[in-house]
Amino acid sequence: MEVVCKRTYPLTPTDIDTHRQCRLSALLGYLQNIATEHAEILGVGGDKMIADHGAFWLIVRLYLKLHRPIRFGEVLTVRTWHRGVEKSATIYRDFDLLAGDEPVGEAVMSWVLADVEARKIVKPGSIPALVASPRPAQVKEIIPAKIKMSDTLRQAMVRPVYYSDTDLNGHMNNTKYADIACDVIQYDKCGDQFISEVQINYLHECFPGDKILVLQGKQAETHYVRGTDSAGKNRFEVSMKLDAVT
């Protein structure tokens, strides 16, 4: 059984943006794919969780740090493991990112199991396969926290949720929030910079037909993006830092 799962991905043209960098959403897609594959290997994949426990994996928070952009023509290597079952309902999954043999970043995702019907949290300690799954000797200490948003947010757009945003759970896929944030900060105009640090907090699911009011703000070098529904409920929050490309 693979305690640490390692996979290599040659970047394709569909992963690359106008700056010849790997799009943030494409990078998150690779993290999602290897996390899904590793969960299957450990016997706690999505289909098995639904069949055996009536529960599905729901991402809660994501933190990503890059030392430099990942560029067109490079080969991305991702290593991942999960930290095991703890007292809380949260399962943390760590990632190392390499371009070739060069370490270029790291990431942490926090996940919970939610009941398919009630959408309520299922305790991971009640899942024997999760309790028994191995944990590496060394894990990251990063804990994605609540985002302290800018005090001066302004409306940037109203973003409908479309079929093309959804995944197999029927809600907006976690990678799509990254695209929304990049659209809002007009990342296409930031050719001399790259996204060096991002955190996304997924607060409530978004479904086709929803119309999300997207707010934007900035303090110092950090961009903030929040998505709110028509009832005023926050659906997601993003903080994003950009650094100069060297």
Side-chain angles (χ1 to χ4, degrees), residues 17 23-33 35-36 46 56-66 88-93 95 107-115 119-121 142-188 190 195-219 221-242:
D17 66 12
R23 286 193 340 273
L24 178 59
S25 59
L27 180 55
L28 299 190
Y30 284 122
L31 301 189
Q32 176 179 273
N33 290 345
T36 300
F56 69 102
W57 288 109
L58 190 63
I59 187 170
V60 179
R61 292 174 180 171
L62 173 141
Y63 172 83
L64 170 71
K65 174 71 175 178
L66 290 176
S88 72
T90 304
I91 295 289
Y92 293 98
R93 175 167 286 278
F95 302 83
V108 174
M109 289 182 177
S110 60
W111 299 79
V112 296
L113 281 166
D115 183 271
R119 252 42 184 192
K120 292 184 178 179
I121 301 301
I142 299 167
I143 302 290
K146 183 177 180 180
I147 297 174
K148 182 175 173 53
M149 298 293 291
S150 168
D151 296 328
T152 56
L153 297 177
R154 58 178 178 81
Q155 180 174 337
M157 67 167 76
V158 175
R159 174 57 157 81
V161 180
Y162 300 107
Y163 153 80
S164 57
D165 295 318
T166 60
D167 59 20
L168 55 82
N169 291 316
H171 58 212
M172 181 181 280
N173 184 266
N174 75 83
T175 65
K176 294 293 184 176
Y177 298 88
D179 281 334
I180 292 173
C182 288
D183 287 343
V184 165
I185 72 167
Q186 298 184 304
Y187 188 57
D188 56 302
C190 301
I195 298 167
S196 60
E197 188 173 4
V198 63
Q199 181 167 324
I200 306 175
N201 288 4
Y202 306 90
L203 306 177
H204 293 281
E205 297 170 274
C206 296
F207 296 96
D210 289 343
K211 291 186 177 179
I212 307 301
L213 174 63
V214 184
L215 307 173
Q216 174 193 11
K218 186 179 180 183
Q219 287 183 344
E221 300 305 314
T222 303
H223 294 269
Y224 296 93
V225 179
R226 170 183 283 157
T228 302
D229 63 21
S230 58
K233 178 185 292 185
N234 295 332
R235 298 293 188 94
F236 65 91
E237 294 180 338
V238 182
S239 65
M240 185 181 294
K241 294 182 180 179
L242 275 60

From [X] atom [atom1] to [Y] atom [atom2], the distance as rounded to the nearest 0.5 Å:
| X | Y | atom1 | atom2 | answer |
| --- | --- | --- | --- | --- |
| W111 | R93 | CH2 | CZ | 8.5 Å |
| N201 | S110 | CG | OG | 7.5 Å |
| S196 | L64 | OG | CG | 9.5 Å |
| K148 | S239 | NZ | OG | 12.5 Å |
| I180 | D165 | CD1 | CG | 6.5 Å |
| K146 | R61 | NZ | CZ | 8.5 Å |

When the ring planes of H171 and F207 are compared, do they come out parallel, tilted or perpendicular, using 30° and 60° as the limits? tilted
Any donor and acceptor pair, going by atom type alone, linking the side chain of [X] with main-chain N or O of [Y] inside 3.5 Å?
| X | Y | answer |
| --- | --- | --- |
| D179 | K176 | no |
| Y202 | N174 | yes |
| Q199 | A145 | yes |

Shortest non-hydrogen separation from [X] to [Y] and the atoms involved:
| X | Y | result |
| --- | --- | --- |
| A89 | V112 | O-CG1, 3.7 Å |
| H204 | Y177 | O-OH, 4.3 Å |
| P208 | G170 | CD-O, 3.6 Å |
| P144 | Y92 | CD-CE2, 4.1 Å |
| T175 | G29 | CG2-N, 3.6 Å |

Measure the shortest side-chain to side-chain distance between [X] and [Y] over non-hydrogen atoms and say whether it is less than 4.5 angstrom.
| X | Y | answer |
| --- | --- | --- |
| Y63 | E197 | yes |
| I212 | V161 | yes |
| V214 | D183 | no |
| L215 | Y224 | no |
| E205 | L58 | yes |

Would R235 and L203 satisfy side-chain contact (heavy atoms from CB on, under 4.5 Å), going step by step from the backbone distance to the final call? CA-CA 5 Å; R235 298 293 188 94; L203 306 177; 5.7 Å; no
side-chain contact (heavy atoms from CB on, under 4.5 Å) for M240 and L24? Distances and angles first, verdict last. CA-CA 11 Å; M240 185 181 294; L24 178 59; 4.1 Å; yes
Take C182 and I195 through the test side-chain contact (heavy atoms from CB on, under 4.5 Å) and record every step on the way to the result. CA-CA 9 Å; C182 288; I195 298 167; 3.7 Å; yes
side-chain contact (heavy atoms from CB on, under 4.5 Å) for K218 and I185? Distances and angles first, verdict last. CA-CA 9 Å; K218 186 179 180 183; I185 72 167; over 6 Å; no
More than 12 heavy atoms of other groups within 6.0 Å of K65 NZ: yes
With a sphere of 6.0 Å drawn around CD of E221, does it hold more than 12 non-hydrogen atoms of other residues, nucleotides or ligands? no
Taking atom types as modelled, is there a side-chain donor on D167 or Q32 under 3.5 Å from an acceptor on the other?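 Judged by distance alone, the side chains do not pair up.
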